[in-house]
**Q** 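Structure provided below as C-alpha cells; questions to follow.
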Amino acid sequence: MKGTFFRESLEYRLFIDGESWPQGGKIVGTIQVKNHGAAEVALADLRVVLTEGKDKKVKAKADGAFAELVSLNPLMGRGIIPPGGESEAAPWEFTLDENARVTDKTGGLYVLYGRGAEHAQFGHLPLNVVPRQEFLDFVELMRAVFHFSLKGITSGKKGTVQVKLLPPEGKTFSNVEQLDLTLFKKNGDYQANLEFTTKRVDPASPVLAMKEESRSFERGFSESEFLHSFNQRLKKETVEAFLNECIPQLLEKKALL
C-alpha cells in the first residue's frame, strides 16, 4: 500500500507492506521525501504517526478527526535535502496493541505522515485492521458447528471485538433473535461474552404480544486453554465444550416458557 501527497515544495511518498493487519500485528514501511524547491530543506520534524480516526470527521477534514497514538521521527538528525534532491527511504514500524481497534464503517486506524505538529498538514492512509486470527476462528466455529451466520464485526468499547450473529433457521433456535459475541484479550488471557437476544410471549400483556429478553454467558480462558502452542490457533475443542454448556441452558429456558 502506498500514498503520495505534496505540501509546498515537498513530495512525500509513504510505502506500507501489506493490505491488512491483525490486532497485535506489525505495520512496517518506509517514507521518502523529494524536494522540488530551490532551497534546501531540513526534515528533522518529519513524522510518521499512528492514529485512530473517525471516518466522517476525516472526510469532512474536521478538527479532532484523528487521535494520536504513536509518533516516530524516521529521519531525525539526518534529513537535509538539497534542491532537486530526495531523502533516503527511511524505514519505520508500529506494533499494534493486542486489542487494537478493528476497522469498521465508523472508522479505524490511520497512518499520518508529514512535517510539524498539525495533523491537517499531513497526508494519511487508512489501515484495514482485522480481529486476531483466534477470534476469527471462534466466529468460524459458530458458523461451521452451530450454524450461526455472521451479520457483522465492529469495534467495541475498550478494545473489544463485537460480533453479531444470527441463529440458524428451524425450531431449535426459534426464540433466538440474535447473538452478540464480545471477544478481547487482557494480560495474556482471553474473554468471551455471549448475549443472546430472545423473544417470548409476554404473560403480563392482556393481548398476545412478544417480549424481548436477553440471556448472557461468559468465560475466561488462559492462553494455554484458548490456543494450541504449536501454531497459536484456536483450541476448537475447548471453545466448543464451553458453547455446548451454554446452548442447552438457553434451550432449557425456552422449554420452560
Side-chain angles (χ1 to χ4, degrees), residues 22-24 96-106 129-205 209-257:
Q23 295 172 301
L96 296 178
D97 186 85
E98 62 183 16
N99 290 310
R101 188 199 196 287
V102 296
T103 303
D104 59 26
K105 64 182 180 181
T106 66
V129 178
V130 298
R132 308 175 66 85
Q133 182 59 53
E134 54 266 35
F135 292 168
L136 296 178
D137 289 345
F138 197 121
V139 175
E140 175 59 20
L141 179 67
M142 294 297 304
R143 189 198 67 79
V145 177
F146 297 95
H147 308 296
F148 279 69
S149 59
L150 177 63
K151 185 177 180 181
I153 298 177
T154 59
S155 174
K157 295 179 180 180
K158 298 181 180 180
T160 60
V161 174
Q162 300 286 338
V163 184
K164 292 188 181 298
L165 296 147
L166 299 178
E169 295 182 358
K171 293 183 178 180
T172 302
F173 291 96
S174 60
N175 71 318
V176 179
E177 295 282 280
Q178 182 172 285
L179 167 59
D180 291 295
L181 171 64
T182 302
L183 299 167
F184 62 96
K185 186 178 181 183
K186 184 176 182 181
N187 299 325
D189 293 333
Y190 292 85
Q191 183 73 29
N193 299 339
L194 292 79
E195 183 174 355
F196 292 88
T197 301
T198 61
K199 61 180 180 179
R200 69 179 181 93
V201 175
D202 185 0
S205 175
M210 303 302 290
K211 179 181 180 181
E212 278 197 356
E213 294 186 335
S214 64
R215 185 78 188 274
S216 298
F217 304 90
E218 61 181 51
R219 166 76 188 274
F221 301 87
S222 67
E223 185 169 300
S224 62
E225 289 177 310
F226 204 69
L227 300 180
H228 288 291
S229 59
F230 62 91
N231 65 358
Q232 298 300 296
R233 295 293 292 267
L234 183 73
K235 277 189 176 178
K236 294 182 180 180
E237 61 274 18
T238 303
V239 175
E240 189 172 343
F242 162 59
L243 295 171
N244 279 326
E245 292 174 1
C246 300
I247 290 175
Q249 294 180 57
L250 180 72
L251 301 181
E252 179 183 40
K253 184 176 181 181
K254 173 188 173 184
L256 294 173
L257 295 177

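Basis for what follows: all heavy atoms, side chains included, without hydrogens, waters or symmetry-related copies.
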**Q** Side-chain contact test, heavy atoms from C-beta onward, threshold under 4.5 Å: evaluate it for Val145 versus Lys236 and give yes or no.
**A** no
**Q** Judged by atom type as modelled, is there a donor-acceptor pair below 3.5 Å linking the side chain of Gln191 to the main-chain atoms of Phe184?
**A** no
**Q** Does Pro131 reach the side chain of Leu183, with side-chain heavy atoms less than 4.5 Å apart?
**A** no
**Q** How long is the straight-line distance from OG of Ser214 back to CG of Leu194, given to the nearest 0.5 Å?
**A** 12.5 Å
**Q** Go through the steps to decide whether Asn244 and Phe146 satisfy the test side-chain contact (heavy atoms from CB on, under 4.5 Å), and finish with yes or no.
**A** CA-CA 10 Å; Asn244 279 326; Phe146 297 95; 3.5 Å; yes
**Q** Could you walk me through whether Asn187 and Asp189 pass side-chain contact (heavy atoms from CB on, under 4.5 Å), step by step?
**A** CA-CA 6 Å; Asn187 299 325; Asp189 293 333; 5.6 Å; no
**Q** Among side-chain atoms of Gln178 and Asp180, is any donor-acceptor pair under 3.5 angstrom?
**A** yes
**Q** Considering only residues two or more places apart or on different chains, which pairs with a residue in residues 138-157 satisfy salt bridge (charged side-chain N to carboxylate O under 4.0 Å, His left out)?
**A** Glu140-Arg143
**Q** Working to the nearest 0.5 angstrom, can you tell me the gap between Glu169 CD and Ser174 OG?
**A** 12.0 Å
**Q** Is the Phe148 to Phe173 ring centre distance short of 6.0 Å?
**A** yes
**Q** Within this structure, what is the NZ-OG distance for the pair Lys105 and Ser155, rounded to the nearest 0.5 Å?
**A** 13.5 Å
**Q** Within the 4.5 Å heavy-atom criterion, are Ile247 and Phe217 side-chain neighbours or not?
**A** no
**Q** Val130 versus Ile153: any side-chain heavy-atom pair under 4.5 Å?
**A** no
**Q** Can you check whether Leu181 reaches Asn193 side chain to side chain, under 4.5 Å on heavy atoms?
**A** no
**Q** Strictly distance-based, threshold 3.5 Å: is any side-chain N or O of Gln23 a donor or acceptor partner for the main-chain N or O of Ala100?
**A** yes
**Q** Is there a side-chain contact between Arg101 and Val129 in this structure, where contact means two heavy atoms from C-beta onward sitting under 4.5 Å apart?
**A** no
**Q** Please find the pair of heavy atoms, one from Glu134 and one from Gln232, that lie closest to each other, and give the distance.
**A** OE1-O, 4.2 Å
**Q** Output every pair passing ring pair (Phe, Tyr, Trp, His ring centres under 6.0 Å) with a member in residues 218-247, not counting sequence neighbours, ordered by first then second residue.
**A** Tyr190-Phe226, Phe221-Phe226, Phe221-Phe242, His228-Phe230
**Q** When you compare the side chain of Pro22 with that of Arg132, does any pair of heavy atoms fall below 4.5 Å?
**A** no
**Q** Roughly how far, to the nearest 0.5 Å, is CG of Leu150 from NZ of Lys164?
**A** 11.5 Å
**Q** So, do Leu136 and Gln133 sit near enough that their side-chain heavy atoms are less than 4.5 Å apart?
**A** yes
**Q** For Met142 and Leu179, which heavy atoms make the closest approach, and how far apart are they?
**A** CE-CD2, 3.6 Å
**Q** Apply side-chain contact (heavy atoms from CB on, under 4.5 Å) to the pair Val239 and Asp137, showing each step before the final yes or no.
**A** CA-CA 10 Å; Val239 175; Asp137 289 345; over 6 Å; no
**Q** Just one of Lys186, Lys185, Lys235 clears the salt bridge (Lys or Arg N to Asp or Glu O under 4.0 Å) bar with Glu223, so which one?
**A** Lys185
**Q** Strictly by modelled atom types, are Thr160 and Gln162 linked by a side-chain donor-acceptor pair under 3.5 Å?
**A** yes
